[in-house]
Structure formats: structure tokens, C-alpha cells
Amino acid sequence: MPVAVEFDRPQNRRVVGNIYKGRVQNVLPGMQAAFVDVGLERNAFLFVDDARPGALDADDAEDDPGEDAAPPTARPKAGISSLVHPGEELLVQIVKEPSGSKGARVTRALSLPGRFLVWAPGGDHVGVSRRITDPAERERLRAVAARLREPGTALIVRTAAEGAGEADLESDHRLLAASWQEILRRARTATAPAVVYRDLDVVQRALRDHLADGASVVVDRAEEVAGLRALVAATAPHASVQVDAAPAADVRRGLFAARGVDAAVERALGRRVALPSGAYLVIDQTEALTAVDVNTGRFVGGAGSASLADTFLAANLEAAAEIGRQLRLRDIGGIIVVDFIDMDLPEHRRRVLDALEAACRPDRARPQILGITQLGLVEMTRKKTRQNLRELLTRPCATCEGRGRVPSEESVSRQVRREIRAALRDAPPAEAALVEVNPAIASLLIGAGGQELPALEHDTGRTVFVRGAVDCPLDGMRVRSVGTRRDVEAASRPVREGQVLDLQVEEPHATSRQDGIARLQGYVVDIEGAAARVGQRVRVEITKASRTYARARMI
């Protein structure tokens, strides 16, 4: 069953499909491209192949030209400088969302998708989606579209039109024609840069693109039901579609949570995807490509697996079906490399490739499977028009910068030590200083018995007290106070003599085997006789508090 998830947020609303009256800012002959101001944060990118007005090519158009259609096949022979000029105003449509530091990609080959048809001004042909394979149905739809097509306009029949009546296509055509006239009216009066057409919001797009006879739609806002029913009546008057408000219990819990959507999205953000057999996928996304690794995991073969090769084949077939689903669910685009479990038999390779192609067939982004390389890797591509699920719902880690790994505590402690030296060199002259760091770094900076502090004090020319602070990031550091040694030392100790605390014994003492070690914000507390209580919380009284550690007894 096809799977997809789309998000539309006010602060990050999708712009693919929108049409703008833009102004050319500059033309770059060396790149055969131009940058167009359409009113977004960054100028849009107009490539030379997209710079000539015209309709989508009928042979390349698919279900949703805003996302899936290829640029016109009639490529302009002239350079970009002869097609657009700085300061020129023109209508452009976004075909690829802004991503990272890149602006949106735009085209002058405009298109308006309806439920059954795509209206493409500037063309003169009729096209039929290649996914409609019955020759008789293709000819019927082509004949209907040819009667409806207006001069100077191309019409492309979408996959959803298969089996639709002529009245449905006529109704869709009227809506598209009215939308185009409204765009022209706005374009005449708008001052560039300005949006003259916005594609439907996520709910309306779902109804337009996924509406099927007998479908059921559930929304968590009862006030939207009437409007959605009216939209269904306008776009699919002959379809039997049920639109209802969600039950009150689902609304209270949250519709996505109640229907399992939240849990599915959470799983889709993880690297590892478990398969029912016990095998699993590991999906690693980078800026350049996505790598998918197939592993047998706990799968040892089913009843029909007569050999190791059969076991590998069964795992790969299961993985191929899930890979097609994950590509759609995560909306992964660009270059994709799949490392299936080794297959020596050509027949097994063919079956896995066939299974992968079948899994990708419902995907409207048209994945292209290029075959198996000499290293046994499957190469494929998938069209990318917007941010994928990971880019939309997550951000790079501030500590690891998106690498997925962070420096070890030892590496961070060396960096923090350098930062302390620099900070104290610039601090006001004083006898001592109190520095706060993450507790995991504090113990390394202090060292066993304070053995690491003398070198730091020699470099800074003052007595240094280090205190752990749980709110300090792993690689963070702050100078809390400077002053006399007595005042700073008093402020630095997290405990005082006679204080009673509940502490967890973390490990046995390195040299005094009967004692246990606890830590409080990186400050070591030596607990007498607590070696047998490792992992437990004990109540202690502080008997001695020094600069780098304290002693305590259990009570």
C-alpha cells in the first residue's frame, strides 16, 4: 500500500507549484543560469533549460507537474543571455523547494494540476500519463482532452483520470481555465516580486491527488468538515467520498497519535528499520547521497530456505519491498545506493531487482533503478523537489554538527583546557579563579587527587578551582568568579564538612579497595567502606572537604 507523509506549517509552508511574478536580478552566462527575485529569502535559480516559456512535454509529464514533470524536451539552443535580461519581469513557477543555502529552482514552463488534467499554457498538444497502459483507454482520454483543449494550451491527462467520465474531465477543465484567467489578472496588476498563484494546502492537495472512489477522510477539526465536503463536491462530484470529524476520544489524544501516525513518523526518523523476519535496514542520509544497508540480523531462514543463498534471497526480497516504502515515507531524493546481502546467483539478483522495481512503482517521484554495480551495489535515483522528512523535522546537532558522533570527553577536555588558559589570561588580575565546566569534563581537568591542576595553574599564573555544572554543555566553559584564594575556594566546594547527603556509589576506590567513589558535579567524594555498595544510593556525612575531593562516612 502506498505510504506518504506531508507537513505544511505556517512558518515553513511548501512553495513548490506556486507561481510568481519575479524580476531577474542577474544573469550568469558562465553557469547558463539566472537568479530571479520572487520575494523569498533567497533568489530563485532559473536554469537555461527552464528559461523559455512553454508547456510541459507530453511524453515526460506525469501525475503532478509541480513535482514530477521533466523540463521541456525542446531545449533552447541560445544561451541564457538571449532568453532573459537583468531587470526583466517574468512569470515563473517553483519546481524545487529551497534547501539549505540553495534557493528555489524555477521554470517558465507553467502548469496547473487539477484532479484529472494538467493545464499547461504555451503548448499545443495533448498528453496522457504513461501509467495509463490500456491502449483503448489512452485513446479515449486523448480524444476527450483534444476536444477540451484551448488554442495555445497543452492538456495532460493524469493517472487519476483512468475510467473517469467525460463530464468529470469537463468540470476539471473549467476549474483550471478559471484559475488560469485569475493568474493572468493578478499578474497584470501585481508589482514584482509577488505571488500570483498558490498551490493548494496540504489537506486540499491530499484530496486532489489521492482522492479515490470509496475513500474515507478523517479530520480533527469539526469546523473544516463542511469546507472539505464542498471541495470534494467541486472536484469529484461523482465520487463516493466520506469526510468526517474524528471521534472526540481521538481528538483529545491527538488524531496522529491515536491513528499511529506519530509513532510511524518517529520510526521514520531513525537509522535502523526492523523487518518482520528479524532482518533490518540501516539508512544513512548525507547531503550527497543516501546509503541503505541490508543485514540479516536475527533472520536465520524460513521453512522454505534450503540453503544460505535462499536465506539471503528471502531477506533481500523483504528488504526490497520495505526500501520502496521507506523512500516514499522519508521522501528521500537524489542518489541512493543499496547494499543488499551478497547474491551469487544471477536469478536471485534479477528477482531482487524486480521486487525493488515493484515496490517503487507506486511512487510518484519516479525512482530510477540503474542496476547492480561490479561491487554488488544497487544504484538508483529519486527526484528531489522539497525537504525530506529528516530535514523538515530535525536539525543538525550543535555539538556534532550533524555527523552523528561527538568528540570523546578526553578530546573535549583538551579543548576546554585551552579555552580556560585563554580566558584567564584575559581575566582581571587575581589570586584565584573558579571555572565551571560539564561534570564529565571536570573530573578530567582535575585528575586523580588534583594531579592535572598544577600544569593549568602554571600556565595561567593563578590558583584554579574547577567545578562541575550540569547545565554546562560538554564543550562549554565559563569563568564563574575571580578573587582571593580563600574566597574562591569557599565558593568552589559543592560540599561542606558536616553536611549530610544522599549519593550514588559509582565505582570502587582505585587504591583503597574497601572505599567507594561518588561524584557530585564532577567533585569526587570518597565514601569509607562503600566498595560493596556500588550502584546503590547511600546516606553519608561529609567528614573532610578539600579543594579537589571530599571524604565521607556512611550513616
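What you are looking at is a predicted structure, and each value in this text was computed from that prediction instead of being measured.
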Peer 1: Who passes side-chain hydrogen bond (donor to acceptor under 3.5 Å, both in side chains) against D220, sequence neighbours left out?
Peer 2: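 D220: no side-chain hydrogen bond (donor to acceptor under 3.5 Å, both in side chains) contacts found.
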Peer 1: Give the intermediate values and the outcome of side chain to side chain contact (heavy atoms under 4.5 Å, CB included) for residues Q326 and T290.
Peer 2: CA-CA 12 Å; Q326 289 294 324; T290 297; over 6 Å; no
Peer 1: Keeping the roles fixed (side chain from E97, backbone from V15), state whether a donor-acceptor pair exists under 3.5 Å.
Peer 2: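 At least one qualifying donor-acceptor pair exists.
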Peer 1: Only counting residues at least two apart or in another chain, list the ones meeting side-chain contact (heavy atoms from CB on, under 4.5 Å) with S411.
Peer 2: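 Listed in chain order: P407, S408, R414.
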Peer 1: Please determine whether a side-chain nitrogen of the Lys or Arg among D471 and R478 lies less than 4.0 Å from a carboxylate oxygen of the Asp or Glu.
Peer 2: yes
Peer 1: What pairs with F35 under ring-ring contact (aromatic ring centres under 6.0 Å, His included), at least two apart in sequence or on another chain?
Peer 2: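 F35: ring-ring contact (aromatic ring centres under 6.0 Å, His included) contacts with F45.
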Peer 1: Does anything in residues 140-174 form a ring-ring contact (aromatic ring centres under 6.0 Å, His included)? List the pairs, not counting sequence neighbours.
Peer 2: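 For residues 140-174, and leaving out neighbouring residues, the ring-ring contact (aromatic ring centres under 6.0 Å, His included) pairs sorted by first residue read W119-H173.
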Peer 1: Suppose the criterion is salt bridge (charged side-chain N to carboxylate O under 4.0 Å, His left out): which pairs have a residue in residues 263-275, not counting sequence neighbours?
Peer 2: R271-D284
Peer 1: Decide if atom CG of L40 counts as having more than 12 heavy atoms of other residues, nucleotides or ligands within a radius under 6.0 Å.
Peer 2: yes
Peer 1: With no hydrogens and no angle check, is any side-chain donor or acceptor of S171 less than 3.5 Å from a backbone partner on A167?
Peer 2: no
Peer 1: How close do S82 and G79 get, counting heavy atoms only, and between which atoms?
Peer 2: OG-O, 2.8 Å
Peer 1: Could you pull out the closest heavy-atom pair between V128 and R138, with the gap in Å?
Peer 2: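 Smallest interatomic distance, heavy atoms only, reads O-NH2, 3.6 Å.
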Peer 1: With distance as the sole test, does E419 use its side chain to make a donor-acceptor pair with the main-chain N or O of M477 at under 3.5 Å?
Peer 2: no
Peer 1: Please report, to 0.1 Å, the donor-acceptor pairs under 3.5 Å made by any side chain of residues 243-258, with sequence neighbours excluded.
Peer 2:
unit_1, atom_1, unit_2, atom_2, d
D244, OD1, R229, NH2, 3.4
D244, OD1, Q242, NE2, 3.1
D244, OD2, Q242, NE2, 3.2
D250, OD2, R259, NE, 3.1
D250, OD2, R259, NH2, 3.2

Peer 1: List in chain and number order the residues that pass side-chain contact (heavy atoms from CB on, under 4.5 Å) with D363, two or more places apart in sequence or in another chain; answer none if no residue qualifies.
Peer 2: R328, A365, P367, R382
Peer 1: Quick one: CG on D49 to CZ on R108, what's the gap to the nearest 0.5 Å?
Peer 2: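 One finds 13.5 Å between CG of D49 and CZ of R108.
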Peer 1: Do R390 side-chain atoms and Q285 backbone N/O form a donor-acceptor pair below 3.5 Å?
Peer 2: yes
Peer 1: Hey, is the main chain of A136 close enough, under 3.5 Å, to the side chain of E139 for a donor-acceptor pair?
Peer 2: no
Peer 1: Return the CD1 to CG distance between I183 and L91, rounded to the nearest 0.5 Å.
Peer 2: 8.5 Å
Peer 1: Got a sec, which pairs hit side chain to side chain donor-acceptor pair (under 3.5 Å) with one end in residues 368-380, sequence neighbours left out?
Peer 2: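 Sorted result for residues 368-380: empty, none.
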Peer 1: Under the side-chain contact (heavy atoms from CB on, under 4.5 Å) rule, collect the residues that match up with R149, sequence neighbours excluded.
Peer 2: D124, V126, L155
Peer 1: Can you name the salt bridge (charged side-chain N to carboxylate O under 4.0 Å, His left out) partners of E391, sequence neighbours left out?
Peer 2: K384
Peer 1: So, using side-chain contact (heavy atoms from CB on, under 4.5 Å) as the criterion, who are the partners of P86 when residues are at least two apart?
Peer 2: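 P86: side-chain contact (heavy atoms from CB on, under 4.5 Å) contacts with V27.
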Peer 1: Using only atom types and a distance under 3.5 Å, with no angle test, would you say the side chain of R158 pairs donor to acceptor with the backbone of G114?
Peer 2: yes
Peer 1: Using only atom types and a distance under 3.5 Å, with no angle test, would you say the side chain of Q93 pairs donor to acceptor with the backbone of G17?
Peer 2: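 A pair under 3.5 Å: yes.
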Peer 1: For N18, give me all partners under side-chain hydrogen bond (donor to acceptor under 3.5 Å, both in side chains), at least two apart in sequence or on another chain.
Peer 2: Y20
Peer 1: Is R23 salt-bridged to E88, cutoff N-O under 4.0 Å?
Peer 2: no
Peer 1: Using modelled atom types only, decide if a donor and an acceptor are shared between the side chain of D339 and the backbone of L377 within a distance under 3.5 Å.
Peer 2: no
Peer 1: To check you understand the geometry: which heavy-atom pair defines the closest contact between E322 and V273, and what is its length?
Peer 2: OE2-CG1, 3.9 Å
